[in-house]
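Keep in mind that this is a model prediction, so the values were computed, not measured. Letters A, B, ... mirror the listed sequences (proteins, then strands); counts begin at 1.
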Amino acid sequence: MFTDPPSSPSYYELVYEVTKNIPFGRVSTYGAIADYLALGSARMVGWALHQCGNLGDGVPAHRVVNRKGELSGRVHFRTPTLMQELLEAEGVVVVDDKIKDFKEIYWHPQEMEE
DNA sequence: GTGATGACGCAGT
DNA sequence: GACTGCGCCATCA
């Protein structure tokens with residue numbers, strides 16, 4: 001849940017909170033977060049993380065990928081391979097910029113409330 | 001105020 | 001199963 005709402009609540013702040021709640025070794029998707037926050041558009045999630053400037057604020061943006069399990073946002077990281085490096089460091093197998101067994105480690109924000 | 005862009009998703013082919 | 005086109009909503013020029 002969002003225990004520390006910002007003084008200026010914005011949807012991207014919510015995206016950060018949800019992203020931070022992604023369990024270690026698990027990954028989520030833009031669509032899942034957009035659906036959970038009822039943003040209406042998965043693009044808003046990607047845009048929100050873009051504003052975050054990727055890591056640096058404790059937001060594990062590398063755990064968020066597109067619906068196909070591809071590291072579509074890796075180019076926005078400090079280095080194109082950083083996203084894969086971080087995922088592999090968590091035990092996530094990445095092959096050709098795509099997450100292996102994606103549906104096995106897929107995590108939906110709804111799970112953190114159950 | 002209008003047009004274009006974007007870390008995407010889904011329906012149709 | 002893979003590719004294409006359209007739609008989503010907010011921000012920037």
Side-chain angles (χ1 to χ4, degrees):
Chain A
M1 217 23 189
F2 320 123
T3 56
D4 184 29
S7 57
S8 301
S10 299
Y11 63 88
Y12 63 81
E13 294 288 350
L14 300 177
V15 173
Y16 296 167
E17 293 300 312
V18 174
T19 304
K20 290 178 187 175
N21 278 285
I22 298 176
F24 184 91
R26 301 292 291 282
V27 296
S28 189
T29 68
Y30 303 101
I33 297 173
D35 179 64
Y36 178 75
L37 297 177
L39 297 179
S41 297
R43 283 191 159 166
M44 300 300 91
V45 179
W47 182 87
L49 291 173
H50 177 204
Q51 298 308 303
C52 179
N54 75 73
L55 302 184
D57 293 332
V59 181
H62 60 277
R63 292 178 185 162
V64 184
V65 297
N66 64 4
R67 189 185 105 61
K68 296 176 292 187
E70 298 175 321
L71 283 55
S72 58
R74 67 189 170 167
V75 297
H76 290 272
F77 281 73
R78 291 176 296 183
T79 63
T81 58
L82 179 61
M83 192 172 186
Q84 180 175 332
E85 294 293 317
L86 292 172
L87 287 172
E88 292 182 331
E90 298 185 358
V92 178
V93 179
V94 179
V95 179
D96 189 32
D97 297 326
K98 289 191 284 279
I99 297 176
K100 185 178 180 59
D101 298 325
F102 173 61
K103 58 197 252 182
E104 297 298 321
I105 61 176
Y106 172 75
W107 177 86
H108 192 284
Q110 188 67 40
E111 292 184 27
M112 73 178 168
E113 293 189 346
E114 297 177 346

Rounded to the nearest 0.5 Å, the CZ atom of Arg63(A) sits from the CG atom of Leu49(A) at a distance of 13.0 Å
Whole-Å distance, Lys98(A) NZ to dA7(B) C1', equals 16 Å
query = Counting only heavy atoms not in Arg67(A), do more than 12 sit closer than 6.0 Å to its CZ atom?
reply = no
Restricting to nitrogen or oxygen on both sides, can you table the protein-nucleotides 1-5 of chain B pairs closer than 3.5 Å?
none

Interatomic distance, CG@Leu87(A) vs NZ@Lys100(A), rounded to 0.5 Å, equals 15.0 Å
Tabulate atom names and distances for all N/O pairs under 3.5 angstrom spanning the protein and nucleotides 9-13 of chain C.
unit_1	atom_1	unit_2	atom_2	d
dC9(C)	O4'	Ser41(A)	OG	3.4
dA10(C)	O3'	Tyr11(A)	OH	3.3

Please answer: with hydrophobic residues joined when any side-chain heavy atoms are less than 4.5 Å apart, are Met112(A) and Leu37(A) in the same cluster? yes
Value for CD (Gln110(A)) from OG (Ser28(A)), rounded to nearest 0.5 Å, stands at 11.5 Å
Taken to the nearest whole Å, CG/Asn66(A) to C1'/dA2(C) is 15 Å
The answer to which of Arg67(A) and Gly46(A) contacts DNA chain B further toward the 5' end, by nearest nucleotide, is Gly46(A)
Separation of dG9(B) atom C1' from Asp35(A) atom CG, nearest Å, is 11 Å
Salt bridge (charged side-chain N to carboxylate O under 4.0 Å, His left out) filter on Glu88(A), not counting sequence neighbours, yields none
Query raised in the report: Between His62(A) and Glu90(A), is any side-chain donor less than 3.5 angstrom from a side-chain acceptor?
Result: yes
Here the distance between atom P of dA7(B) and atom CZ of Arg63(A), to the nearest Å, is 22 Å
The reported gap from CG in Leu39(A) to CG in Leu14(A) (rounded to nearest 0.5 angstrom) is 7.5 Å
